[in-house]
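A quick write-up on the structure given underneath.
Letters A, B, ... are given to chains in the order of the sequence lines, protein chains preceding strands, and every chain is numbered from 1.
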Amino acid sequence: MPEGHTIHRYARRHLETLGGQRLAVSSPQGRFADGAARLDGRRLEEVDAVGKHLFYRWEGDETLHVHLGLFGRFRTHRATVPEPSDGTRLAMVGDEATVYLSGPTACELIGPDEEVTIRERLGPDPLAAGVNGDGLAQVRHNLSRRRIPIGAALLNQSVVAGVGNVYRAEVLFLAGIHPATPANEVTPDEVRTIWELTRQQLRRGERAGRIVTVDPHEVGARSRRDLSRDERLYVYKRSGEPCRRCGMAIAAGEMANRTIWWCPSCQDGAN
DNA sequence: GCTGCATGATGAA
DNA sequence: TCATCCTGCAGCA
């Protein structure tokens, strides 16, 4: 379930549970054996999240870069720790918790130059602590020079870092913008709306530990907590179902190699 | 048991 | 635009 909110949540939780400790690090699967051996017994000092990337800082100036990709997943165990599965790329064992990582796109030790390269490829991160109006200006600039559909642009991490397939669909619905609208035709006001919604929704997702974009009152619930699994999103994976606002059937299509959903009535415009 | 799908990204063509 | 890499799990026989 890795969009930016999940990554930032992991950074915070891993620092809380493992930070400051010397960890037993290994690679049960073997594919990160050399790197794990290098980290084994070192103290974990810091965990940074940028977009969908994680950087673990260890004593001795080692940096572990993790990108979960589509399948990557962390599991934290406390009281009883099961044997790692065959696919466990990385195991980090601390005083009170064990963290297993499986299926990452990237799990590697990197140097300062490589980290700079990664960061330079990324647009502003809506969850970055210091992001202000400057992030909005950057997104405006990044969108203004692209003719691709806004729905494709939002998945491009060099435009905004941290948005994935769920948030791109949900944010465009909330903004009332059709996903096929060319990025450079989205007005400055609309970009502001997109940026602010993205920040708000990612923050919400990080806090809740799951993506909930629906306003509970619209579905007759009292709070976000009361929403059932099927009530949490407006359009994502709701092809053919009635729009929660206008009742029109949610449409689906492909954009940037992924499925996108939208309400043809609430998100008019292009097409 | 097998198949297909998934909240990602890259590199070749 | 396509093929490819990452893994787990729901849905089906």
Side-chain angles (χ1 to χ4, degrees), chain A residues 1-11 27-33 35 49-54 64-77 82-91 99-108 110 114-115 117-123 125-127 146-149 151-174 179-180 197-198 201-214 229-230 232-239 250 252-262:
Chain A
M1 355 159 120
E3 295 195 26
H5 68 301
T6 310
I7 304 309
H8 283 257
R9 193 176 168 88
Y10 278 141
S27 178
Q29 177 196 53
R31 292 184 54 179
F32 184 58
V50 187
K52 298 174 187 169
H53 298 260
L54 284 162
L64 168 67
H65 171 229
V66 172
H67 190 292
L68 295 180
L70 193 49
F71 312 131
R73 194 172 168 175
F74 284 107
R75 272 168 247 250
T76 300
H77 303 282
E83 287 299 301
S85 69
D86 291 347
T88 304
R89 183 84 54 93
L90 169 73
V99 171
Y100 291 147
L101 166 65
S102 67
T105 286
C107 173
E108 58 189 357
I110 59 170
E114 291 163 283
E115 180 168 345
T117 304
I118 292 167
R119 286 173 178 269
E120 279 175 349
R121 282 204 308 261
L122 299 175
D125 179 349
L127 286 176
R146 284 169 221 261
R147 253 179 286 181
I148 57 171
L154 290 183
L155 277 191
N156 186 331
Q157 300 300 297
S158 60
V159 172
V160 206
V163 172
N165 207 25
V166 178
Y167 281 118
R168 78 152 165 179
E170 294 295 311
V171 163
L172 286 176
F173 172 84
L174 289 168
L197 284 168
T198 303
Q201 293 299 330
L202 280 167
R203 264 201 301 257
R204 206 171 265 179
E206 197 215 330
R207 241 175 284 138
R210 62 188 179 201
I211 305 176
V212 183
T213 57
V214 167
R229 185 170 293 274
D230 297 336
R232 293 177 192 156
L233 305 172
Y234 285 104
V235 292
Y236 179 78
K237 275 194 178 166
R238 295 196 65 238
S239 183
I250 299 300
E254 200 157 298
M255 193 169 284
N257 273 327
R258 320 281 299 278
T259 307
I260 186 162
W261 296 263
W262 71 96

Exercise. In terms of the nearest nucleotide of DNA chain C, which residue is placed more toward the 5' end: A:Arg73 or A:Gly69?
Worked result: A:Gly69
Exercise. With sequence neighbours excluded, what pairs up with A:Glu108 under the salt bridge (Lys or Arg N to Asp or Glu O under 4.0 Å) test?
Worked result: none
To the nearest Å, give me how far apart [atom1] ([X]) and [atom2] ([N]) are.
X	N	atom1	atom2	result
A:Arg232	B:dT7	CZ	P	16 Å
A:Leu90	C:dC6	CG	P	17 Å
A:Leu68	C:dG8	CG	P	13 Å
A:Tyr236	B:dT7	OH	P	3 Å
A:His53	C:dC6	NE2	C1'	15 Å
A:Tyr100	C:dT7	OH	P	16 Å
A:Leu154	B:dT7	CG	C1'	15 Å
A:Asn156	B:dA9	CG	P	9 Å

Is [X] near enough to [N] that one of its side-chain N or O atoms lies under 4.0 angstrom from OP1 or OP2?
X	N	result
A:Arg168	B:dT7	no
A:His5	B:dT7	no
A:Arg258	B:dG8	yes
A:Gln157	B:dT10	no
A:Arg75	C:dT7	no

Problem set entry | Base partner of C:dC9, which must satisfy Watson-Crick or wobble distances under 3.5 Å | B:dG4
Distance in Å, [X] [atom1] paired with [Y] [atom2], rounded so as to fall on 0.5 Å steps:
X	Y	atom1	atom2	answer
A:His67	A:Gln157	NE2	CD	6.5 Å
A:Leu101	A:Leu68	CG	CG	6.5 Å
A:Thr213	A:Glu170	OG1	CD	3.5 Å

Exercise. When A:His65 is tested against each of A:Glu114, A:His53, A:Glu115 for side chain to side chain donor-acceptor pair (under 3.5 Å), which residue passes?
Worked result: A:His53
Using a cut-off of 4.0 Å on non-hydrogen atoms, how would the nucleic acid contact of [X] be classed: base, sugar-phosphate, or nothing?
X	answer
A:Ser102	sugar-phosphate
A:Ile211	base
A:Glu254	nothing

Between [N] and [M], how many Å separate the two [atom1] atoms, rounded to a whole number?
N	M	atom1	answer
B:dA13	C:dC5	P	15 Å
B:dA9	C:dC9	C1'	22 Å
B:dT10	C:dG8	P	22 Å
B:dT7	C:dT1	C1'	23 Å
B:dG1	C:dC6	P	24 Å

Exercise. Starting at the 5' end of DNA chain B and moving along, which residue's nearest nucleotide shows up first, A:Lys237 or A:Arg121?
Worked result: A:Lys237
For this session: Evaluate the side-chain contact (heavy atoms from CB on, under 4.5 Å) criterion for residues A:His8 and A:Asp125: first the C-alpha distance (whole Å), next the side-chain angles of each, then the deciding distance (0.1 Å), finally the verdict.
Result: CA-CA 11 Å; A:His8 283 257; A:Asp125 179 349; 2.8 Å; yes
Exercise. Would A:Phe71 count as stacked on C:dC6 if the rule is ring centres under 5.5 Å and plane angle under 30°?
Worked result: no
Problem set entry | From B:dA9, C:dG8, B:dT7, nucleotide with atom closest to A:Ser85 side chain | C:dG8
For this session: Report the nucleotide, chosen from B:dA9, B:dT7, C:dG8, that has the shortest atom-to-atom distance to any side-chain atom of A:Pro2.
Result: B:dT7
Name every donor-acceptor pair, under 3.5 Å, that has one atom in a side chain of residues 204-211 of chain A and the other anywhere in the protein, sequence neighbours excluded.
{"residue": "A:Glu206", "atom": "OE2", "partner": "A:Arg12", "partner atom": "NE", "Å": "3.1"}
{"residue": "A:Glu206", "atom": "OE2", "partner": "A:Arg12", "partner atom": "NH2", "Å": "3.1"}

